[in-house]
Amino acid sequence: MASKQRAIYWDTSVFLCFLRRHESERRAICEDILRHARDGKVALYTSSFTVTEVIKPLRMETTGPRPLSDDEVEDLQGMFHWPWLKKIALDHRVAQDAVNLGLHFALTAAEAIHAASAIVAKVDVPQQWERSAALEKVNRLVAVEAPRMLTYGVTHRVASKGNFFENLHRARAASAR
């Protein structure tokens with residue numbers, strides 16, 4: 001009998017790390033997990049909330065004071081069209097669960113939405129880089145961890161932005177035909 005595919009949930013911090021060129025070690029870990037998800041070796045989830053949340057922090061953290069170009073926004077939003085990235089809708093159930101988690105564990109709205117999305121999706125583990133003390137309390141409901149390399153004994157060179165984004169553009173062009 002085949003073993004169950006591991007289900008991983010990424011919050012916004014992991015996507016941001018993947019996008020930051022200066023985060024070479026963390027970015028290599030993100031790319032390794034993305035390769036596994038693309039190849040069907042793990043199931044990768046995020047909230048539909050991440051689609052909007054990923055834009056604002058990038059403006060401040062990676063591009064400085066200038067606004068993102070239309071092409072940058074299109075590339076970032078394009079990540080969320082990868083067919084192997086499963087999106088958890090921020091629907092009424094997730095929102096209500098987020099309210100309850102936020103109140104019970106003193107989470108920010110974003111932390112509560114990510115925690116509720118991961119719980120609703122029944123993932124094995126939510127992964128995030130920037131863990132708050134409040135979110136540690138959620139560990140009782142679902143184990144939270146930092147992303148880690150899935151391919152052991154293999155060193156991947158950090159790919160340029162092009163690899164995943166070029167594949168995305170090809171997939172988008174093919175589906176538009």
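Proximity of a side-chain donor or acceptor of Ser117 to a complementary backbone N or O of Ile113 within less than 3.5 Å is detected. Between the side chain of Thr12 and the backbone N or O of Glu53 there is no donor-acceptor pair closer than 3.5 Å. The main-chain N or O of Val51 is found under 3.5 Å from a side-chain atom of Gln77 such that the two form a donor-acceptor pair. Side-chain atoms of Ser13 come within 3.5 Å of backbone N or O of Trp129 as a donor-acceptor pair. Tyr9 contributes a side-chain N or O that, together with a main-chain N or O of Ser47, makes up a donor-acceptor pair within less than 3.5 Å. Counting only distance, with no hydrogens or angles, the side chain of Thr46 and the backbone of Asp11 share no donor-acceptor pair below 3.5 Å. Using modelled atom types, no side-chain atom of Gln96 and backbone atom of Arg93 make a donor-acceptor pair closer than 3.5 Å.
Ile33 and Trp82 end up in the same hydrophobic cluster when Ile, Leu, Val, Met, Phe, Trp and Tyr side chains are linked at under 4.5 Å. Val14 and Leu16 fall within the same hydrophobic cluster, where Ile, Leu, Val, Met, Phe, Trp and Tyr residues are linked whenever their side-chain heavy atoms come under 4.5 Å apart, directly or through other members. In terms of hydrophobic clustering, with Ile, Leu, Val, Met, Phe, Trp and Tyr side chains grouped at heavy-atom distances under 4.5 Å, Met79 and Ile29 are assigned to a common cluster. Note: the hydrophobic cluster containing Val42 also contains Trp84 (ILVMFWY, side chain heavy atoms under 4.5 Å, direct or indirect links). The cluster map of Ile, Leu, Val, Met, Phe, Trp and Tyr, joined by side-chain heavy atoms under 4.5 Å apart, puts Leu85 and Val54 in the same cluster.
Of all heavy-atom pairs spanning Ala116 and Ala98, the tightest one is CB-N, 3.6 Å. For Leu34 against Leu44, the heavy-atom pair with the smallest separation is CD2-CD2, 3.7 Å. Closest approach of Leu101 to Ala112, counting heavy atoms only: CD1-O, 4.1 Å.
Annotation for Arg6: atom CZ counts as buried by contact number, over 12 foreign heavy atoms lying within 6.0 Å.
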- [ ] Start with the C-alpha gap between Thr151 and His36, add the side-chain angles, then the distance that decides, and say whether side chain to side chain contact (heavy atoms under 4.5 Å, CB included) holds.
- [x] CA-CA 9 Å; Thr151 305; His36 280 78; 2.6 Å; yes

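Taking the six-membered ring for Trp and thresholds of 30 and 60 degrees, Trp10 and Phe15 have ring planes more than 60 degrees apart, a perpendicular arrangement.
Contact of the Lys4 side chain with the Asp124 side chain is registered, since non-hydrogen atoms from C-beta on lie closer than 4.5 Å. Using a 4.5 Å heavy-atom cutoff, the side chains of Val120 and Asp91 are not in contact. For the pair Ser48 and Ile88, the minimum side-chain heavy-atom distance is 4.5 Å or more. Taking 4.5 Å as the limit, every side-chain heavy atom of Val144 sits out of range of all side-chain heavy atoms of Val125.
Atom CG of residue Leu107 and atom CG of residue Asn100 lie 11.5 Å apart, to the nearest 0.5 angstrom. Rounding to the nearest 0.5 Å gives a distance of 13.5 Å between CE of Met149 and CZ of Arg26. Taking SG from Cys30 and CD from Gln127, the interatomic distance works out to 8.5 Å, rounded to the nearest 0.5 Å.
Asp32 has no carboxylate O lying under 4.0 Å from a charged side-chain N of Arg148, or vice versa, which leaves the two without a salt bridge.
For Ala43, the side chain to side chain contact (heavy atoms under 4.5 Å, CB included) partners are Gln5, Ala7, Tyr45, Lys86, not counting sequence neighbours. In this view, Phe49 and His114 satisfy the ring pair (Phe, Tyr, Trp, His ring centres under 6.0 Å) rule, not counting sequence neighbours.
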